[in-house]
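So the structure is just underneath, and the comments pick up after that.
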Amino acid sequence: MKYNHTEIEKKWQEFWVVNKTFRTPDFNEIDKEKPKFYVLDMFPYPSGDGLHVGHPEGYTATDIVARFKRMNNYNVLHPMGWDAFGLPTEQFALKTGIHPKIRTAECVARFRGQLQSIGLSYDWDREVNTSDEKFFRWTQWIFLKLYNSFYDDEAGKAKPLSELKIPEGLDEAGKREFIDSQRLAYLSDGPVNWSPELGTVLANDEVAEQIEKGNTVVRRNMKQWKLRITKYADRLLHGLDELDWPANLKEMQRNWIGRSEGAMIKFKIESENLGDGRYIEVFTTRPDTIFGATYMVLAPEHPLVSEITTSENLNTVDEYILAAAKKSDLERQELSKEKTGAFTGAFAINPANNKRIPVLISDYVLVSYGTGAIMSVPGHDERDMEFAKKFNLEIVPVCIPADFKDTAFKIIKAEDGSEIIMSGPGLGYIEGKSDNVFHKFLEQTKKGETCFTGEGYAINSGFLNGLTTADAKKKIISWVEENKLGKKSVNYKLRDWLFSRQRYWGEPFPIIHFNDNDAAALNESELPLVLPETDSYKPSGTGESPLANLKDWVNITDEKTGRKVKRETNTMPQLAGSSWYFLRFIDPLNSETFCDKEKEKYWMPVDLYIGGTEHAVGHLLYARFWQKFLFDLGYAYYEEPFRKLFNQGMVLGEDGQKMSKSKGNVINPDDVIAQYGADSLRLFEMFMGPLEATKPWSTAGIEGMNRFLKRIWRLIIDEETGNLKPNITDEEPEIRLNKLLHFTIKKITHDISDLDMKFNTSIAQMMIFVNELYKAEKISRKILNQFVLLLSPFAPHIAEELWRRLGNQYSVSYEQWPRYEEELAKADMVTVVFSVNGKLRGKKELQPDLSDKELEQEALDDQNVIKHIMGKEVVKIIVVKNKMVNIVVR
RNA sequence: GCCGAAAUGGCGGAACUGGUAGACGCGCCGGACUCAAAAUCCGGUGAGCCUUAAACUCGUAAGGGUUCGAGUCCCUUUUUCGGCACCA
């Protein structure tokens, strides 16, 4: 009876389903004394294409860990669900008229079937679907919590609006405006990323991906919902420190959050249009270079532009603003080589040296970062220098590299102990040395040929002269603070999360509008607010969602007030549901709350989370944000959701190229399973290399895996009779094989429990073990039992089958993971190598743990070693226990 | 441009804190079984020294360094991949 993967896999998959083998018991049933392990895959979007071989890679890895932990007496939570709201399904509906709900159900059924055919040990009783109203009811609920909360900066956490202190003396409208300005979910009118092809706006992290797909993204002013994630910027940044995440991923989040320290400084405006006491405020990370600020630049959209522009310059400025407005963000960046701008006719006063400097506008200054205005230091900022050269603005060097320190100034100790700093162009000559390199540096900077952006020492900077950049920063900041011209300040690149989309297939907002600037939230009891039925998913054409066309649904009468109101017609982004789905798995059926806190306390945080890097700054940042928010309000026990994160690499086509339909190199896991079986697929996915690496698929490789499984089968089963091989005995194991078994147990146990996800070496060790078993005349059943258990997390179907055939009962899934004895896992002979001057000259099998003296003697007795040290002086002998002896001769 | 990761046989990849480079698999070569083939089993397989064995030399992208000893540590360069990119 030959190894029949199809039959065996079908049999055991059915067994697992019927027996609910992998069901994680309800919270009140589990033994809470046992340790827990929550192992999670990034849940997929159930697309029409089905799974590709990239999916099972991460899923198999987590499955191995889940199965291993179960066998090690952990309570394991290993769930799967569907990130089911999303644009492709809606576009499919537009094309075919098939309702997204129906399409989603089809795709989910297909995906679930495929996942089950891989033999993944999910608890299907906990399956969630973000587009299911029982699920998104709670997405809407969290949104309401955000809407009804504010961030208390002093306490450093979010609180319900009921605790918000409202300033006195406000009328009703003023109060409302104030409260709205504090909500963590708020409506904001301003420029957003709009994609005409998609008919929707996009969040910043989605823009790059959509452009790559060939969609255009333009800037457009629209009123949109945003979530105030920026309030959490610092906590999101610092929280990273304690997480066991890949360094590059943490770095990506840090970059995305983009914290920079510097100062806000006010520059007084001099304009014919404006009276005294008006200022331009700038943010700078280099306040120490303020003496070199020779002009200012405002973003074209800066509100002060219209006020300060003089009549003489009005036309050019207006033209420029218009031209800039027409450019998309992308165009602005692409044209970055050539700086453009216009003079406003206004001047400002540099507070450091009271110089009168011109104020210009340019689109290289972004309105959305800092204050939308900069002080320009062309000597020490490349962008400013480019602009200064183009517009013939003065460049003053105010910072020099440390190398020039001694030439640029001299610090003399005065009699009273204070320091006198001598500086000036002539210093080098006074000292009796002329430094051409230094003067060349100054000249080149003034001409715009050199731009030193590093840190060094201040020159031409009045009271900052001679200070290091760090000291100069401190000094100038305390100076502006004393003079009430500014303060130390921190800025972030992170923007608030654009949270609304003009789509049908998403969570509706539980919001009604009385008029343009007066909205109200539904009560929690009114949730879920379900999607209205329709057969038209076409965008309204006005930049509103398809829901806007459904007049009966949109226009309603508010029961509380009796007023006619309109429903919010936007829907939430796909990343809403994925920001908290991992909590729902803990308590998927709860209809009282999104997740019971006691259960969350037990199961969270996720102990191992595996997915691709593409979610580095989107999903992973938003999920952390929501977790922190729920923590602040006391709904969650933990502040960080994912303790250990691992990024799986990409699986390339056999040609080493990215898999794509157009290249015709796509491997379909269904075909692979049909031909070689799920166990071969699983094993090969893990054998290809470390999980994080990008590596090509190989048909020859999977054939090899299939061969390995057949070899295991024949080792145990007589293909002629279908019975156990006659050489399997009930005797005690042969010592040699037993030692190798223990070594193998140790190797695999470490490979899985260190969570480095390098299972290729575990499989290699199993192969070594099987090769050795083939050489044995008799094999003890005990050894085979243990081996099958070792194999089971990797290739569970064949393991279950062999386990039964070896005469065992029940499933391998909850058997005790094999233990190893350290003594047995040790080799009984070690190979010690002898080298002379670092070159290998001989080796010998020796007993372990010989003394240094004994090893030394062994080396000196070696014929080849003798040949190489003959007639030479032995300088020194280095002995590494159990490893090597190196003889150094002269 | 900046930041990060990587580069090892014909291929995928091993090598724990510096200590036998190339585990394991694929491919290839040889043998056994067979009328023959497939499958299977056994053996070999970094390069060079005309063949073989021993011995020797070279060899982990390139060059240099530290060390008794470097794939591993340090410096320089090249290439590949990933991320960021007017964020003041």
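In this text, all values refer to a predicted model and were calculated from it rather than measured experimentally.
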Got a sec, which pairs hit salt bridge (Lys or Arg N to Asp or Glu O under 4.0 Å) with one end in [range], sequence neighbours left out?
range: residues 701-710 of chain A; result: none
range: residues 739-755 of chain A; result: A:K746-A:E822, A:K747-A:D751
range: residues 364-379 of chain A; result: none

Under 3.5 Å for both pairing distances: what stems, at least three Watson-Crick or G-U pairs long, include RNA chain B?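 The stems are B:1-7 with B:78-84, B:10-12 with B:24-26, B:27-32 with B:40-45, B:46-48 with B:56-58, B:61-65 with B:73-77.
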Excluding sequence neighbours, so at least two apart, what forms salt bridge (charged side-chain N to carboxylate O under 4.0 Å, His left out) with [X]?
X: A:K658; answer: none
X: A:D849; answer: none
X: A:R259; answer: A:D234, A:E261

Under 4.0 angstrom, heavy atoms only, what part of the nucleic acid is A:N864 near: base, sugar-phosphate, or nothing?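 Counting heavy atoms under 4.0 Å across all strands, the contact made by A:N864 is with sugar-phosphate only.
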Base, sugar-phosphate or nothing for A:N491? Non-hydrogen atoms, less than 4.0 Å.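 Nothing: the residue A:N491, judged by heavy atoms under 4.0 Å, touches no strand.
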With the sugar-phosphate defined as primed atoms, P, OP1 and OP2, and the base as all remaining atoms, what B/S/- string results for nucleotides 71-76 of chain B, 5' to 3', for protein heavy atoms under 4.0 Å? ------
In B/S/- notation, 5' to 3', how is nucleotides 8-22 of chain B contacted by protein heavy atoms closer than 4.0 Å? ----BSS-B--BB--
Separation of B:G4 C1' from A:E692 CD (nearest whole Å):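 Rounded to the whole Å, the gap is 14 Å.
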Under 3.5 Å, N/O pairs linking protein and nucleotides 28-31 of chain B:
none

Side-chain donor-acceptor contacts of residues 864-873 of chain A below 3.5 Å, not counting sequence neighbours, with atom names and distances?
unit_1, atom_1, unit_2, atom_2, d
A:N864, ND2, A:R841, O, 2.7
A:H868, ND1, A:N864, O, 3.0
A:H868, NE2, A:R841, NH1, 3.4

Quick check on contacts: within residues 248-266 of chain A, what sits under 4.0 Å from RNA chain B by heavy-atom distance?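 Of all residues in residues 248-266 of chain A, the ones placing a heavy atom under 4.0 Å from RNA chain B are A:N248, A:M252, A:S260.
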Presence of A:R707 side-chain N/O under 4.0 Å of B:C26 phosphate oxygens OP1/OP2: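 Looking at the OP1 and OP2 atoms of B:C26, one of them is under 4.0 Å from a side-chain N or O of A:R707.
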